Each structure stands twice: as structure tokens, then as C-alpha cells.
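Take a look at the structure below.
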Amino acid sequence: MFKIEPSNFIEEEINKDLESGKAKEVITRFPPEPSGYWHIGHIKAITINFETAKKYNGFTYLRMDDTNPSKEDGDFANSYMSDLKWLGYQPKSLIYASEAYFDKIYQLAEELIQSGNAYVDEQSAEEISQSRGSLTTAGKESPYRNRPKEESLQMFRDMKAGKFADGSVVLRAKIDMAHPNMNMRDPVIYRVLRTHHYRVGDKWCIYPMYDFAHPLEDALEGVTFSLCDMSFEDHRPLYNWVLEKCWKKPYPPRQIEFARLNLENVLLGKRFLKQLVNEKKVIGWDDPRFLTIVGMKRRGYTAQGIKDFIKSAGVTKSDSIIPLSALDFHIRNDLNMIATRAMVVLDPLKVIITNYTGSEEIEIENNPNAENAGTHKGTFSNIIYIEKEDFSLNPPPKYNRLVEGGIVRLKGAYIIKCNKVVMAENGEIDHLECEYLPNTKSGQDNSGIKCKGTIHFVSADNCFEVTIREFENLIKDEYIDPIKALADGVELDDMLTPNSLKESTALAENFLKTAKVEDKFQFIRKGYYCVDKDTTNERMVFNKTISLKDSFKMPKL
RNA sequence: AGGGGUGUCGCCAAGCGGUAAGGCACAAGAUUUUGAUUCUUGCAUGCGUAGGUUCAAAUCCUGCCACCCCUGCCA
């Protein structure tokens with residue numbers, strides 16, 4: 001058999017199982033509870049499950065782990081399918097555990113009672129909690145623990161039939177109240193809960209707990225490797241116990257855990273995102289400052305860039321916190337290859353070309369780094385706008401943009417020379433008077449003039465106003481690990497960067513008028529931007545995805 | 001009477017007994033009509049720590065230390 005070269009510890013484990021015959025194929029699953037939007041952390045888990053199966057010629061199911069109707073909502077399942085599609089993953093099928101497995105899981109629970117491995121407990125939630133013991137002391141056995149199994153079975157059936165009030169009784173696995181692993185101290189595996197289920201309605205008034213349902217869902221589905229994050233490590237003994245007692249078939253699924261993704265200055269917890277949405281501190285779940293899938297998509301991040309980043313972060317079991325610059329790198333890297341170049345002046349300074357009249361066509365490369373990207377037309381005329389920061393009255397060292405009496409190349413057009421700075425009454429520069437140098441036009445320059453700087457511009461007869469939204473990180477720089485800061489008692493509000501969303505107006509070349517929502521551009525020398533969905537017929541809105549790298553250190557004035 | 005994990009460069013991460021890959025970040029230089037991209041170059045006598053085994057140890061053994069996770073009728 002063709003040997004697959006492992007690229008991480010999970011694949012090494014899979015190879016071992018395949019070679020020893022413990023497993024025959026690689027079938028995985030991604031099992032969200034439909035209760036919130038996915039974020040970049042989920043993408044790691046999604047990527048690992050999908051990519052691993054693909055590598056071994058297997059496949060992956062998308063399974064709604066909907067065992068708790070009080071937290072779940074059907075709307076999410078559809079958003080998950082579209083998120084997966086955006087990421088480029090196609091699940092074998094979409095399965096609702098509630099529909100597909102609840103009957104079978106119930107039946108297996110009855111069998112577990114019959115084999116003497118589960119019992120109905122009438123203690124209150126508080127009593128169960130108290131009798132569980134502590135990390136260093138053993139728990140106490142329930143007085144109902146050794147009731148006859150026939151009695152437990154009858155009561156379990158009565159639970160299902162609705163004869164018990166919510167919370168009055170539970171089904172517990174009979175394992176070991178003195179087990180060093182708290183999860184093994186007779187865990188609750190079924191509870192009574194009368195809440196309408198978004199999928200199966202009121203068919204059930206009892207619901208299996210995660211620890212009982214999950215291994216059985218995996219097994220019933222034919223999943224062979226259940227890849228999850230390390231918070232489930234302590235649950236693995238229970239996962240295996242359930243399979244051993246209830247499944248008893250060859251090739252049971254194997255759970256393998258990996259470390260979660262953490263990013264510096266990023267808060268991903270559903271609770272916090274929700275708080276920010278509810279308190280209107282952000283635009284919504286798809287706020288471009290959020291690293292939710294919908295947020296990143298709106299921000300202009302590409303699925304490819306995100307996946308490249310995820311892959312670069314590796315798959316291990318060690319705790320880590322990765323700087324945002326690593327994500328930035330992969331986003332820029334992908335955008336560089338696909339974003340169309342355009343000229344947009346974010347902070348305009350008017351320039352009059354005194355020795356030029358009329359207007360002429362210029363040509364701008366759509367992407368010098370991509371073959372066959374083509375060009376688009378712009379214009380050069382006697383009135384143009386350049387970036388304020390591209391002219392200086394008191395140029396710092398190594399400043400190679402425009403200065404009084406100096407020259408600079410206009411991207412795609414001519415070299416101009418600044419002859420006069422016209423001041424306004426308020427002491428600021430009103431406009432510049434420049435002359436263009438004939439015979440220096442881009443592509444047909446035979447002047448021999450050397451010019452060290454090139455700046456972008458728009459022509460007055462070929463531009464329009466657009467709205468630009470720029471974003472700063474939601475979390476202040478000093479809170480590298482916001483989870484920890486929260487644990488240390490810092491308030492969420494105190495960690496937020498003030499005014500992290502800024503709106504401004506810019507002048508864009510007319511070429512951009514036809515752009516559609518989500519279209520991605522590089523505004524030459526500035527950064528990557530995309531069209532926001534708030535764009536209307538009257539006004540285009542661009543989100544700044546990320547700046548270009550800038551190694552020129554402009555000294556502070 | 002606790003248990004389960006993890007420690008290799010500022011941040012990730014390879015390494016699986018034969019003498020420390022790679023990426024990010026950072027720094028210097030080259031090319032450039034984007035101060036972008038691209039390209040060079042530099043960046044751990046050192047692998048949490050102390051011992052031990054061995055011709056040879058990040059890799060094996062022993063003891064310490066640090067950090068993370070676990071006491072929902074959540075997933």
C-alpha cells in the first residue's frame with residue numbers, strides 16, 4: 001500500500017493505526033453545535049479534519065451536534081454550509097445528530113442500563129455536584145447507584161415518556177466515584193429537558209449529554225478518527241468507555257486532540273463577541289474587526305490566505321499564541337497575486353500642471369505580479385491630486401517623494417517638477433504648481449532623466465469620491481493575551497481600542513466605479529481594499545483589508 | 001488521592017541516538033515607474049533544569065522546575 005508521508009503527529013498516529021490494522025480508512029467529522037458564528041479558531045479544526053481525511057483519500061461529514069435544544073438554532077446550519085463552501089470544503093453530507101442518531105442512542109442507553117452500566121439517579125443537581133468530590137478527594141456514591149437495573153430501565157422509559165419533571169432525574173453511567181479523572185465519576189448521560197428542538201421539535205423530552213452522544217455519533221457515522229481540540233483530552237477515557245460498553249464493534253473511532261489556535265490581541269470567545277455585538281460596539285457579527293468567518297470575508301481576507309496561515313501554524317499539542325503579523329503575511333501574500341491595482345488618493349493635495357492643457361490617456365497595469373492581468377485606462381490632465389504625505393516642505397532624510405523644486409514620477413504618467421507652493425490663508429498648503437516634463441511619459445520615456453521617486457495620483461477629470469473604512473485591532477496592543485487579562489480582572493471595555501473604526505473620504509480613479517461588493521484591489525502604495533456591502537448606487541464604500549508593508553520610516557515631525 | 005497535557009531562537013515549528021530544517025518578525029544589501037513584490041545575506045556552541053547511560057543525547061533513563069486543562073443536568 002502507498003505510504004503516506006505524515007506531516008504532523010496526528011498523521012503519524014493514523015499511519016500507525018493503518019499499519020497495525022486498527023483502522024482501515026480515514027473518515028472524519030466536523031461537529032459544531034449550531035449555536036454561533038464560526039471564527040478563525042474553528043477554521044483550524046475544520047482544516048485539520050477536512051485536510052487529513054482528504055490526504056488519506058477519505059472524507060468528512062459536517063454534523064450538527066445538536067443535543068442541547070436550549071442553546072441551538074437552525075439558522076446556523078445553513079451559514080455553516082456556506083462558510084465551508086467559502087473555505088473550499090465539501091462535506092460528504094450534512095447530518096443532524098438529533099434526526100439521525102437520537103433513536104439509536106436511546107436504544108444503546110437502554111442496553112447500557114441492562115448491562116448494569118447505568119442507573120437512574122434521583123438526586124438533585126446540587127447533590128450530584130456535591131457528591132462528586134474534589135480534585136483531591138474521592139466522590140460519594142449515590143444512594144440510587146445500586147438500584148435494580150429493571151427499576152432503572154423502567155424509570156428511564158418513564159423519563160422518555162415524560163413522567164418526570166425537568167431536572168428531577170438523570171441517567172448516569174456507573175463507572176467509579178473515586179476515579180482521579182472527574183469525568184469518570186458517574187457522569188450524567190441523559191437529562192430531562194422540555195425545550196422545543198429546532199430540528200426534531202417536541203419528539204423528545206430527554207436529551208443525551210455530549211459525552212455519551214459524541215462517541216456514539218462518531219461510531220454510528222463510521223467516523224474513524226475524531227479530531228478535536230485538547231479541551232476534550234480528559235474526556236477521552238469516557239469516550240472510550242462508552243464505545244467499549246455500547247459499541248463493541250471492530251474499528252471503533254479514535255479521538256485525537258490538538259492544541260487550539262490562539263492569536264495575540266485577539267478575543268474569539270463567543271460570549272465576548274456577543275457582548276460587543278449586543279452593546280453595539282461593532283457593526284455586527286460580520287464586523288471587519290472580528291475574526292469570524294463572516295467578518296474576515298467582509299474585511300477582504302481570502303479563504304486561501306487564511307488557510308495558508310492555518311497551515312503555517314502547524315498541528316501540535318503545545319500551547320501557543322501567534323502574533324497577528326503571521327496572519328497578515330499570508331493575507332498580503334495571497335492578495336498580492338489576485339488584487340487588481342488601482343490609484344486612489346486618500347488625503348488629496350491639488351496639483352496644477354501649468355504647462356499642460358487638456359487630458360490624455362494613460363495605462364495602468366492591473367497586476368505586475370500576475371501574468372495576463374492586463375491593464376486599464378486612466379487619464380493625466382492639467383489638474384491632478386496627489387497624496388498630501390507625498391509632498392514635503394521640510395523633507396526628512398531619504399525622502400524621495402516631491403519637494404519644492406524637486407521632481408517625482410507620477411505612476412503611469414509623466415515626471416513632474418514642483419515650481420511653486422501656494423499657501424492658503426490658514427497657513428496650510430492650498431495647492432502646488434508644477435510643470436510636466438515632456439518626453440518622460442511612462443513607457444515612452446527617452447529623456448534620460450533619472451527620478452528616484454514614484455507616486456500615485458488621480459486626475460481631476462477621472463476620479464470620484466468614495467468612503468474608506470479603516471480598522472484598528474479591537475484589542476489594545478498591551479493586551480497580548482486578552483483571555484488572561486480577563487481572568488486577571490481587566491474589564492472588556494478597558495481593553496478595547498477607542499475609535500477602532502475610522503471613516504474618511506478619498507478620490508478614486510473612475511475605473512473603480514464598476515467594482516462589485518467583495519471585489520479586491522490594491523490601492524497602489526497604500527494597501528489592499530475591498531468593496532463593502534454598504535455600498536449604494538450613490539456612494540461606494542471600501543474596507544481597508546490591510547496596509548502594504550512599508551519599510552520607509554517616516555520620521556515624526 | 002489527584003489526574004491529564006506541554007516545555008527547541010522574540011513568535012510558530014521540524015527534529016524520532018550521529019553533531020540544531022523552515023516560516024513569521026527583525027536587520028543589512030541588490031533589483032524595482034508601488035519605499036510593495038522578488039532576490040541575496042545575517043539571526044540558537046544551544047533544545048525548561050540537574051544528574052545519569054553512550055564513542056556520540058534536543059532525542060534514552062532519573063529527579064526537579066515552569067506553564068496550561070479538568071469538580072455543567074454545556075459542547
Side-chain angles (χ1 to χ4, degrees), chain A residues 7-8 12 31-33 35 65-68 70-72 121 123-126 128-139 166-172 178-185 187-193 206-207 209-211 213-214 228 230-237 257 259 264 309 311-330 332-333 336-337 341 343 365 367-369 398-401 408-413 415 440 442-443 445 451-456 480 522-528 547-554:
Chain A
S7 57
N8 57 244
E12 285 175 4
E33 179 184 37
S35 64
D65 208 358
D66 50 3
T67 58
N68 184 357
S70 62
K71 289 175 61 183
E72 296 149 9
D121 196 347
Q123 292 183 105
S124 68
E126 293 87 312
I128 288 176
S129 174
Q130 305 251 312
S131 62
R132 191 159 10 237
S134 74
L135 295 176
T136 52
T137 60
D166 284 14
S168 59
V169 291
V170 291
L171 182 67
R172 289 232 254 170
H179 199 106
N181 182 337
M182 300 298 283
N183 295 125
M184 299 294 269
R185 318 245 261 228
V188 171
I189 56 177
Y190 259 94
R191 78 282 219 186
V192 182
L193 189 59
I206 58 173
Y207 289 90
M209 299 289 289
Y210 166 87
D211 280 314
H214 205 86
C228 59
M230 280 171 50
S231 61
F232 296 101
E233 211 159 24
D234 290 336
H235 295 250
R236 185 170 7 103
E257 314 85 10
E264 288 183 359
F309 162 69
K311 286 173 191 170
S312 79
V315 180
T316 67
K317 287 171 82 78
S318 55
D319 283 335
S320 67
I321 179 158
I322 303 172
L324 241 11
S325 60
L327 207 210
D328 292 346
F329 171 82
H330 292 283
R332 284 194 188 100
N333 203 37
N336 180 39
M337 298 312 294
R341 314 287 122 128
M343 296 215 275
E365 282 182 293
N367 189 335
N369 297 327
K398 294 184 180 169
Y399 185 83
N400 53 20
R401 284 110 103 148
V408 77
R409 155 78 60 188
L410 293 176
K411 175 79 180 171
I415 293 174
T440 62
S442 208
D445 186 340
C451 181
K452 59 186 172 177
T454 300
I455 64 173
H456 59 103
I480 289 172
Q522 183 199 98
F523 292 175
I524 294 174
R525 298 207 311 131
K526 300 311 293 185
Y528 296 98
S547 67
L548 248 32
K549 267 184 79 174
D550 184 7
S551 60
F552 177 64
K553 318 277 190 297
M554 181 88 85

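Quantities reported herein were computed from a predicted structural model and do not represent experimental measurements. What's counted below: heavy atoms across the whole structure, side chains too, no hydrogens, waters or symmetry copies.
In this structure, A/His235 and A/Ser231 approach most closely via the heavy-atom pair CD2-O, 3.7 Å. A/Val408 approaches A/Thr454 most closely through the heavy-atom pair CG2-N, 4.3 Å.
Remark: the separation of the P atoms in B/rA20 and B/rA58 is 9 Å, to the nearest Å. B/rG18 and B/rC60 have their C1' atoms separated by 15 Å, with the value rounded to a whole Å.
With rounding to whole Å, A/Phe309 atom CZ is found 11 Å from B/rC11 atom C1'. In this structure, NE2 of A/His330 is placed 12 Å from C1' of B/rA25, rounded to the nearest angstrom. Remark: P of B/rA13 and CD1 of A/Ile321 are 12 Å apart, rounded to the nearest angstrom.
Scanning for ring pair (Phe, Tyr, Trp, His ring centres under 6.0 Å) contacts around A/Tyr210 gives A/His214, A/Phe232, with sequence neighbours left out. Not counting sequence neighbours, A/Glu264 has no partner by the salt bridge (charged side-chain N to carboxylate O under 4.0 Å, His left out) test. A search for salt bridge (charged side-chain N to carboxylate O under 4.0 Å, His left out) contacts involving A/Asp66 returns nothing, not counting sequence neighbours. The salt bridge (charged side-chain N to carboxylate O under 4.0 Å, His left out) search around A/Lys526 returns A/Glu389, not counting sequence neighbours. With sequence neighbours excluded, the residues forming a side-chain hydrogen bond (donor to acceptor under 3.5 Å, both in side chains) with A/Gln123 are A/Asp121, A/Ser142, listed by chain and number. Listed by chain and number, the residues in a salt bridge (charged side-chain N to carboxylate O under 4.0 Å, His left out) with A/Arg525 are A/Asp390 (sequence neighbours excluded). Every residue meeting the ring pair (Phe, Tyr, Trp, His ring centres under 6.0 Å) condition with A/Phe523, not counting sequence neighbours, appears here in chain and number order: A/Tyr529, A/Phe542. For A/Tyr528, the side-chain hydrogen bond (donor to acceptor under 3.5 Å, both in side chains) partners two or more places apart in sequence, or in a different chain, are A/Gln522. Applying the side-chain hydrogen bond (donor to acceptor under 3.5 Å, both in side chains) rule to A/Ser312 yields the partners A/His330; only residues at least two apart in sequence or on another chain are considered.
With both pairing distances under 3.5 Å, B/rC55 is matched to B/rG18 as a Watson-Crick or G-U wobble pair. Across all strands shown, B/rA66 pairs with B/rU6; the Watson-Crick or G-U wobble distances both stay below 3.5 Å. Both distances falling under 3.5 Å, in either a Watson-Crick or a G-U wobble arrangement, occur for no nucleotide opposite B/rG35.
Glycosidic conformation of B/rG72: syn, with the torsion inside 90° of 0.
A/Ala138 comes within 4.0 angstrom of a base, heavy atoms only. A/Ser35 comes within 4.0 angstrom of no nucleic acid atom, judged by non-hydrogen atoms across all strands. Counting non-hydrogen atoms under 4.0 angstrom, A/Thr137 reaches nothing in the nucleic acid. Within 4.0 Å (heavy atoms only), A/Ala259 reaches no atom of the nucleic acid at all. Contact annotation for A/Glu12: base contact, defined as any heavy-atom pair under 4.0 Å involving a base atom.
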Produce a footprint string for nucleotides 33-44 of chain B: one letter per nucleotide, 5' end first; B if the base is under 4.0 Å from any protein heavy atom, S if only the sugar-phosphate is, - if neither. BBBBB-------
Under a 4.0 Å heavy-atom criterion, the protein footprint on nucleotides 66-75 of chain B, written with B, S and -, is --SBBBSBBB
Write down the protein N/O and nucleotide N/O pairs, taken from nucleotides 58-60 of chain B, whose separation is under 3.5 Å; answer none if there are no such pairs.
none

